[in-house]
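The next block holds one structure in the form of structure tokens; read it before the comments.
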Protein chains: 2
Amino acid sequence: MKVSREQVAIHRRRILDAASRLFRQKGFDAVGVDAVMKEAGMTHGGFYGHFASKEDLMARACAHGLALADDSWAAAAYPVAALAAAYLDQEHCDNPGDGCVLAALGADVSRQGKGVRHAFTAGFRERVDQLARLMPGHSRAAQRRRAIATWAGLVGSMVLARAVDDPALSREIQKAGVATFGEKPPDDRGRVRARRGRRAAAR
Amino acid sequence: MKVSREQVAIHRRRILDAASRLFRQKGFDAVGVDAVMKEAGMTHGGFYGHFASKEDLMARACAHGLALADDSWAAAAYPVAALAAAYLDQEHCDNPGDGCVLAALGADVSRQGKGVRHAFTAGFRERVDQLARLMPGHSRAAQRRRAIATWAGLVGSMVLARAVDDPALSREIQKAGVATFGEKPPDDRGRVRARRGRRAAAR
DNA sequence: TGTACATCAGTGAACGCGCGTTCACTGATGTAC
DNA sequence: TGTACATCAGTGAACGCGCGTTCACTGATGTAC
């Protein structure tokens with residue numbers, strides 16, 4: 001039966017929420033259109049009224065999942081440390097369905113089509129820009145380089161922490177990641193000290 | 001028809017080679033037993049004479065791919081820099097089928113069964129131990145922490161460099177990774193300098 | 001504001017297809033004599 | 001060393017199943033009057 005226009009929008013969002021969660025949990029290939037629609041509380045036949053194909057859904061679910069990310073770390077006194085600690089958390093490790101798209105679907109995305117990779121790339125760019133703005137460093141280029149490497153470190157740590165079947169090793173990976181990628185870069189600390197020194201001398 | 005015992009061993013190895021390559025290229029779910037056997041030059045029916053199930057093959061192909069890794073970087077003057085440069089290479093990025101299992105299958109492994117995760121974990125442990133031995137650092141614990149974080153950084157960089165659809169951004173990720181994870185840790189340089197200074201003073 | 005009807009979102013059966021796995025068969029291997 | 005035959009690795013057809021996608025149908029929505 002027909003439903004109201006608001007109901008259609010609600011249904012579409014429910015499909016995106018379900019797809020985004022299931023894809024992150026099990027990967028693109030292991031989740032069928034049927035499972036997504038069931039999780040969204042509907043039957044599979046109505047799917048093609050909302051999306052052109054499963055691939056279309058994959059791209060839009062990617063973008064949806066990347067748009068809804070947790071930003072609270074950005075307000076911390078030292079955002080990079082806050083991000084690393086929040087990211088490499090046991091709960092995040094145990095719940096990929098509610099977690100970062102980069103870590104959960106990065107490897108899957110590289111094997112997918114144009115639309116999926118484009119959505120993923122746009123989301124990644126936003127993350128890098130956001131982190132680069134908050135990254136201590138002397139130049140824009142260095143901030144950006146550090147932001148990219150920090151995201152790579154966090155994503156790699158999470159991928160490995162999830163893959164490994166020994167909980168102690170998994171926790172070790174998380175802790176190593178927090179310590180390494182969350183700490184103030186030592187040579188930067190040096191530069192900050194030098195700058196402060198120069199500023200103090202100028203007074 | 002029956003074949004000789006040596007031929008059986010050769011066939012088994014060919015199946016493992018094919019499976020290991022195809023799984024890294026396309027992921028576990030996207031590669032069927034049929035495709036693996038065809039790539040190995042046989043028909044699919046004979047598969048179950050070699051392996052108990054597809055899951056069995058996945059675990060053994062994982063171990064097989066991890067066992068055949070390139071070690072040449074370990075002989076370099078500064079192994080960590082050599083590893084990072086060799087790992088975050090355009091050719092490695094473009095050819096996951098012949099590349100590192102950690103980056104190609106890490107995310108997939110976390111969704112698989114006990115056998116696959118165990119094989120992956122064993123391979124990862126070996127990598128960490130090998131790199132930790134060659135890692136500059138003051139303590140075993142620090143060497144190990146750095147080795148884990150370095151592998152995480154390399155794996156994350158490769159996953160993201162492959163996922164992204166803009167070649168320029170992909171190369172930027174690779175370069176940021178080489179610069180960050182391949183460089184001598186700055187605080188370690190500090191310690192080395194301090195130690196050298198102490199040693200020079202003692203003379 | 002109330003009525004009549006065209007629209008169309010969601011349902012559930014159906015499709016062709018490829019998957020993992022099984023099995024009767026074949027014929028070269030390797031062993032017993 | 002030569003022969004006869006049991007073994008068994010690989011073949012290809014077949015299985016049940018779940019996938020992505022299509023479609024005739026249903027009945028509430030929303031519009032034209």
Side-chain angles (χ1 to χ4, degrees), chain A residues 1-23 25-62 105 108-109 111-116, chain B residues 1-23 25-62 105 108-109 111-116:
Chain A
M1 55 271 158
K2 195 175 177 178
V3 303
S4 72
R5 275 199 274 271
E6 302 123 85
Q7 203 50 243
V8 171
I10 290 169
H11 284 170
R12 185 188 162 92
R13 198 197 163 89
R14 276 222 283 259
I15 297 171
L16 280 173
D17 284 337
S20 177
R21 184 155 9 95
L22 288 172
F23 286 151
Q25 265 170 21
K26 309 186 183 183
F28 292 126
D29 291 352
V31 176
V33 167
D34 189 73
V36 170
M37 292 302 281
K38 187 174 277 178
E39 180 84 0
M42 295 156 70
T43 54
H44 65 275
F47 174 76
Y48 292 88
H50 288 278
F51 301 96
S53 63
K54 189 190 173 184
E55 175 134 20
D56 181 31
L57 174 68
M58 278 157 45
R60 289 180 202 279
C62 238
L105 291 173
D108 286 50
V109 165
R111 306 170 194 131
Q112 297 300 330
K114 218 176 147 179
V116 177
Chain B
M1 56 269 158
K2 195 176 179 179
V3 302
S4 72
R5 275 198 274 271
E6 302 124 84
Q7 203 51 244
V8 170
I10 290 169
H11 284 170
R12 186 189 161 92
R13 198 196 162 90
R14 276 221 283 259
I15 297 171
L16 281 172
D17 283 338
S20 176
R21 185 156 8 97
L22 288 171
F23 285 152
Q25 266 171 21
K26 309 183 184 187
F28 291 126
D29 290 351
V31 175
V33 167
D34 189 73
V36 170
M37 292 303 279
K38 186 174 276 180
E39 180 83 0
M42 295 157 68
T43 54
H44 65 276
F47 173 77
Y48 292 88
H50 288 278
F51 300 96
S53 64
K54 188 190 173 183
E55 174 134 19
D56 182 29
L57 174 68
M58 278 157 44
R60 290 181 202 278
C62 239
L105 291 172
D108 286 50
V109 164
R111 306 169 194 133
Q112 297 300 330
K114 217 176 149 179
V116 176

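Naming convention: chains lettered A, B, ... in sequence-line order (proteins, then strands); numbering from 1 in each chain.
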Nearest non-hydrogen partners of [X] and [Y], listed with the distance:
{"X": "F47(A)", "Y": "V33(A)", "result": "CG-CG1, 3.5 Å"}
{"X": "F28(B)", "Y": "D108(B)", "result": "N-OD2, 3.4 Å"}
{"X": "L16(B)", "Y": "A61(B)", "result": "CD2-N, 3.8 Å"}

ask   = So, the side chain of K54(B) versus the backbone of V31(B): is there a donor-acceptor pair under 3.5 Å, distance only?
value =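 Flag set: sc K54(B) to bb V31(B) pair under 3.5 Å.
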inquiry  = For the backbone of G41(A) and the side chain of R14(A), can you confirm whether one donor and one acceptor N or O come within less than 3.5 Å of each other?
reply    =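 Not confirmed, R14(A) side chain does not pair with G41(A) backbone.
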message = Nearest 0.5 Å, please: how far is CZ in R13(A) from NE2 in H50(A)?
response =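 One finds 14.0 Å between NE2 of H50(A) and CZ of R13(A).
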request  = Would you indicate what G32(A) reaches in the nucleic acid, counting non-hydrogen atoms under 4.0 angstrom: base, sugar-phosphate, or nothing?
outcome  =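 Here G32(A) touches the backbone only, sparing every base.
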When the distance from [atom1] of [X] to [atom2] of [N] is rounded to whole Å, what number comes out?
{"X": "R13(A)", "N": "dA9(C)", "atom1": "CZ", "atom2": "P", "answer": "20 Å"}
{"X": "L57(A)", "N": "dC19(D)", "atom1": "CG", "atom2": "C1'", "answer": "15 Å"}
{"X": "K54(B)", "N": "dT22(C)", "atom1": "NZ", "atom2": "P", "answer": "15 Å"}
{"X": "H50(B)", "N": "dG20(C)", "atom1": "NE2", "atom2": "P", "answer": "17 Å"}
{"X": "L22(A)", "N": "dG20(D)", "atom1": "CG", "atom2": "P", "answer": "12 Å"}
{"X": "D29(B)", "N": "dG18(C)", "atom1": "CG", "atom2": "C1'", "answer": "14 Å"}
{"X": "F51(B)", "N": "dT21(C)", "atom1": "CZ", "atom2": "P", "answer": "13 Å"}
{"X": "Q7(A)", "N": "dA9(C)", "atom1": "CD", "atom2": "C1'", "answer": "10 Å"}

ask   = T43(A) and M37(A): side-chain contact (heavy atoms from CB on, under 4.5 Å), yes or no, with the steps?
value = CA-CA 6 Å; T43(A) 54; M37(A) 292 302 281; over 6 Å; no
task = Go through the steps for R12(A) and R60(A) under the test side-chain contact (heavy atoms from CB on, under 4.5 Å), then give the verdict.
result = CA-CA 11 Å; R12(A) 185 188 162 92; R60(A) 289 180 202 279; 3.6 Å; yes
ask   = What nucleotide, of dC8(C), dG27(C), dG10(C), holds the atom closest to the side chain of K2(B)?
value =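 For the K2(B) side chain, the nearest candidate turns out to be dG27(C).
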task = Kindly point out which of dA9(D), dA9(C), dT22(C) is positioned nearest to the side chain of Y48(B)?
result =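 Nucleotide nearest to Y48(B)'s side chain: dT22(C).
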Interface with DNA chain D, restricted to residues 33-44 of chain A and to heavy atoms under 4.0 Å =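 Listed by number, they are V33(A), H44(A).
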query = OP1 or OP2 of dT31(C) sitting under 4.0 Å from any side-chain N/O of R5(B)?
reply =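 For dT31(C), OP1 or OP2 has a side-chain N or O of R5(B) closer than 4.0 Å.
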inquiry  = Pick the closest DNA chain C nucleotide for S4(A) and for F47(B) by heavy atoms, then say which residue is nearer the 5' end.
reply    =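 The 5'-side residue here is S4(A).
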key: Strand DNA chain D as a dot-bracket string - pairs counted if Watson-Crick or G-U with both distances under 3.5 Å, | where the partner lies in another strand   = .||||||||||||||||||||||||||||||||
task = State plainly whether the residues R21(A) and D17(A) are in salt-bridge range, i.e. N to O under 4.0 Å.
result =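 Looking at R21(A) and D17(A), the cut-off is not met.
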